[in-house]
Amino acid sequence: MPVPLLDLRAQHAQIKDEVVRAMLQVVDDQLFILGQPVERLERAVAELSHTRFAIGCASGTDALLLALRALDIGHGDEVVTTPFTFFATAGTIHNVGATPVFADIDPSTFNMSTAHAAAVVTSRTKAVVPVDLFGQMARLEELSAALPNVPLIEDAAQTIGARRTIDGEWVMAGERATIGTFSFFPSKNLGGYGDGGMMVTQDDAIATRLKRLRVHGGATQYFHDEVGYNSRLDSLQAAVLEAKLPHLADWSRARREHAAYYDRAFADVPEVRTPTIDAGNESIYNQYTVRADRRDALQASLKSKGIGSAVYYPLPLHLQPCFAYLGYREGSCPESEKAAREVLSLPVYPELIRTQQDEVIGAVRAFYGH
Ligand SMILES: *Cc1c(COP(=O)(O)O)cnc(C)c1O
């Protein structure tokens, strides 16, 4: 039986009636842009994230772009981020005219190292963009302490609903950031049926600015205080997401159970290093990412048996051709480069059944002769 990396059809089959009913309501209403489904979803995501405001937009990429713009970041400014992430994290910094400055990762969690971030801060640093990679939050409290007065944009595209204990209290992804950003790309834990994104904040003025930026920079239609974007969340997507949101906690729990099962199954396989979850973190496992000896050969072997896997990410951003102008080279961020050579993400989606997971485990063990 083939085991895909992600099986969206299995999920859709379980919730089809709820989702299609919600979509049909939007079609019957013929109100497609913003409107009530978007407002209801914004309230629900704000509640989940313990934030005062949530503002829907067209994608997780746009959420980052609008966040940077809302903090007036542009030409001449530097923004510190991690090179071991999806491209959008740094692409948006470039696209507002600022300079991405890369800080290497902590090898245990793959999240940005606070010490490295602190070491690359200059007087031109206008924000730091940590990424909550693969489903676990970065050490935000440590970053804030090391970089006081630097606004923090938390790229939580992979981490909606994840939480971290800070000073003895659960803190949600997005809650402590100046602006937190989410993506509803279909492969995220809360995925739409197309593109979508959201920004969360506790700050009144920033929320107002973000709302304006997503509708061409005008608080009143046809009067523009600044130049913004067309970046709205579709009502149809909001309806889908609203129907899916009540399932998110169960889906994330199922992912954690699958992760724990893998952890046990690979405990006696030294060629495979299972993920490290930082003390105090509850991961939502957007990915279950191991470090593997002979990674490429393992991936080819899994593929030959019909088992899906993926390398997130094969080339760190500081080595991407489009960022050659920044002057980084091989060796600039050695932990990110090493991770890029070793990582492999295995199927961990909620609907994965035990026999499928046993197949993945059996194939990995067999590859190493266990
Ligand atoms: C998916 C993702 C994004 C971009 O989200 P889109 O909705 O695809 O634009 C940004 N950052 C990270 C870390 C992501 O995983």
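Note that the structure is predicted; figures quoted are calculated from it, not measured.
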Q.
Between Ile277 and Ile105, is there shared hydrophobic-cluster membership here, with clusters defined by ILVMFWY side-chain heavy atoms closer than 4.5 Å?
A. yes
Q) Going by the salt bridge (Lys or Arg N to Asp or Glu O under 4.0 Å) test, which pairs reach into residues 247-256, not counting sequence neighbours? A) Asp250-Arg253, Arg256-Glu282
Q) Which distance, rounded to the nearest 0.5 Å, do you find between the CG of Leu64 and the CG of Leu68? A) 6.5 Å
Q.
So, applying side chain to side chain donor-acceptor pair (under 3.5 Å) with Arg164, which one of Glu169, Glu141, Glu175, Gln136 is it?
A. Glu141
Q) Knowing that exactly one of Leu319, Val80, Leu326 qualifies, which makes a side-chain contact (heavy atoms from CB on, under 4.5 Å) with Phe102? A) Leu326
Q: Using the salt bridge (Lys or Arg N to Asp or Glu O under 4.0 Å) rule, collect all pairs that involve residues 17-41, keeping only residues at least two apart or in two chains.
A: Arg40-Glu242
Q: Verify whether one side chain among Ser336 and Asp104 offers a donor that lies under 3.5 Å from an acceptor in the other.
A: yes
Q) Does atom NZ of Lys305 have more than 12 heavy-atom neighbours from other groups under 6.0 Å away? A) yes
Q: Any pair with a residue in residues 47-71 that passes salt bridge (Lys or Arg N to Asp or Glu O under 4.0 Å), sequence neighbours left out, goes on the list, sorted by first then second residue, please.
A: Arg52-Asp204, Arg69-Glu226
(Q) Looking at every non-hydrogen atom in both residues, tell me the closest pair between Ala265 and Asp268 and how far apart they are. (A) O-OD1, 3.6 Å
Q. Does Thr165 reach the main-chain N or O of Gly280 with its side chain, forming a donor-acceptor pair under 3.5 Å?
A. yes
(Q) Whether the side chain of Asn189 engages the backbone of Ile284 through a donor-acceptor N/O pair (distance < 3.5 Å, no angle test) should be reported. (A) yes
Q: Could you tell me whether the side chain of Thr81 and the main chain of Val129 form a donor-acceptor pair under 3.5 Å?
A: yes
Q.
Restricting to non-hydrogen atoms, name the atom on Ala54 and the atom on Val200 that form the minimum distance, rounded to 0.1 Å.
A. CB-CG1, 3.8 Å
Q: Check whether any side-chain N or O of Gln30 sits under 3.5 Å from a backbone N or O of Val27 as a donor-acceptor pair, and report yes or no.
A: yes
Q: Kindly compute the distance separating CD (Glu42) from CE (Met198), expressed to the nearest 0.5 Å.
A: 5.0 Å
Q: Look at the side-chain heavy atoms of Ile, Leu, Val, Met, Phe, Trp and Tyr, link any pair under 4.5 Å apart, and say whether Leu24 and Val38 land in one connected group.
A: no
Q | Candidate list Tyr313, Tyr312, Phe185, test side-chain contact (heavy atoms from CB on, under 4.5 Å), partner Phe86, passing option | A | Tyr313
Q) What distance separates Ile206 CD1 from Ile179 CD1, expressed to the nearest 0.5 Å? A) 5.0 Å
**Q.** Point-to-point distance, once rounded to the nearest 0.5 Å, from NZ of Lys188 to CG of Leu241
**A.** 13.0 Å
Q.
For the CG atom of Leu140 and the CG atom of Asp132, what is their distance to the nearest 0.5 Å?
A. 6.0 Å
(Q) Minimum heavy-atom separation for Ala173 and Phe182, please, with both atom names. (A) O-CZ, 3.6 Å
(Q) Donor-acceptor check, side chain of Gln237 to backbone of Ala58, threshold 3.5 angstrom: yes or no? (A) no
Q. Is Leu66 reachable from Val215 through a run of I, L, V, M, F, W or Y residues, each pair having side-chain heavy atoms under 4.5 Å apart?
A. no
(Q) side chain to side chain donor-acceptor pair (under 3.5 Å), that's the test. Do Thr89 and Asp155 meet it? Break it down for me. (A) CA-CA 7 Å; Thr89 314; Asp155 183 345; 2.9 Å; yes
Q. What closest approach, in Å, do Tyr368 and Leu298 show between heavy atoms, and which atom pair accounts for it?
A. OH-CD2, 3.7 Å
Q. Which pairs, with at least one residue in residues 74-100 and sequence neighbours excluded, count as a salt bridge (Lys or Arg N to Asp or Glu O under 4.0 Å)?
A. Asp77-Lys126, Glu78-Arg124
**Q.** Atom pair CD1 (Ile153) and CD1 (Ile93), whose distance is rounded to the nearest 0.5 Å
**A.** 7.5 Å
Q) Hey, mind stepping through His216 and Asn230 against side chain to side chain contact (heavy atoms under 4.5 Å, CB included) and telling me if it holds? A) CA-CA 6 Å; His216 296 292; Asn230 172 2; 3.6 Å; yes
Q: Only one of Arg365, Arg291, His370 passes side chain to side chain donor-acceptor pair (under 3.5 Å) with Glu271; say which it is.
A: His370
Which donor-acceptor pairs under 3.5 Å do the side chains of residues 343-355 make with protein atoms, sequence neighbours left out?
| from | atom 1 | to | atom 2 | distance (Å) |
| --- | --- | --- | --- | --- |
| Ser345 | OG | Thr289 | OG1 | 2.8 |
| Glu351 | OE2 | Gln11 | NE2 | 2.9 |

Q | Test side chain to side chain contact (heavy atoms under 4.5 Å, CB included) applied to His12 and Arg9, step by step | A | CA-CA 5 Å; His12 178 65; Arg9 276 186 290 195; 5.5 Å; no
Q. If Ile, Leu, Val, Met, Phe, Trp and Tyr residues are connected whenever their side-chain heavy atoms lie under 4.5 Å apart, and connections chain through other members, are Leu248 and Tyr285 in the same group?
A. no
Q. So Asp358 and Tyr261, side chain to side chain donor-acceptor pair (under 3.5 Å) or not? Walk me through it.
A. CA-CA 9 Å; Asp358 285 335; Tyr261 191 70; 2.6 Å; yes
Q.
Please verify the inter-ring angle class for His94 with Tyr325; under 30° counts as parallel, over 60° as perpendicular, anything in between as tilted.
A. perpendicular
Q. Counting distance only, does the side-chain N/O of Ser252 pair as donor-acceptor with the main-chain N or O of Ala249 below 3.5 Å?
A. no
Q: Evaluate side chain to side chain contact (heavy atoms under 4.5 Å, CB included) for Val96 paired with Leu65, printing each intermediate quantity in order.
A: CA-CA 7 Å; Val96 298; Leu65 186 71; 3.6 Å; yes
**Q.** Main-chain N/O of Gly135 paired with Ser283 side-chain donor or acceptor, under 3.5 Å
**A.** yes
Q. What are the two closest heavy atoms between Leu41 and Ala238, and how far apart are they?
A. CD2-CA, 4.1 Å
Q) Between Asp72 and Arg209, does a salt bridge (Lys or Arg N to Asp or Glu O under 4.0 Å) hold up when you go through it step by step? A) CA-CA 10 Å; Asp72 291 314; Arg209 186 89 186 275; 3.0 Å; yes
Q: Taking all non-hydrogen atoms of both residues into account, name the closest pair between Cys57 and Met199 and its distance.
A: CB-CE, 3.9 Å
Q: Quick one: do Asp106 and Asn111 satisfy side chain to side chain donor-acceptor pair (under 3.5 Å)? Show the steps, please.
A: CA-CA 6 Å; Asp106 173 339; Asn111 281 331; over 6 Å; no
Q: Only pairs at least two apart or in different chains count here, so list each ring pair (Phe, Tyr, Trp, His ring centres under 6.0 Å) that has a residue in residues 110-134.
A: Phe84-Phe110, Phe110-Phe134
Q. Ignoring hydrogens and geometry, is there a side-chain-to-backbone donor-acceptor pair from Lys244 to Leu190 under 3.5 Å?
A. no
Q: Indicate whether any N or O donor in one side chain lies under 3.5 Å from an N or O acceptor in the other, for Glu337 and His318.
A: yes
Q: Indicate if Tyr328 and Val120 have the same hydrophobic cluster label, given that clusters are the connected sets of ILVMFWY residues with side-chain heavy-atom separations under 4.5 angstrom.
A: yes
Q. Distance-only, no hydrogens or angles: does the Ser235 side chain make a donor-acceptor pair with backbone N or O of Ile33 under 3.5 Å?
A. yes
**Q.** Heavy-atom donor-acceptor pair, Thr178 side chain to Leu152 backbone, under 3.5 Å
**A.** yes
Q: Would you sort out whether Tyr262 and Val290 count as a side chain to side chain contact (heavy atoms under 4.5 Å, CB included), showing the intermediate values?
A: CA-CA 10 Å; Tyr262 277 137; Val290 301; over 6 Å; no
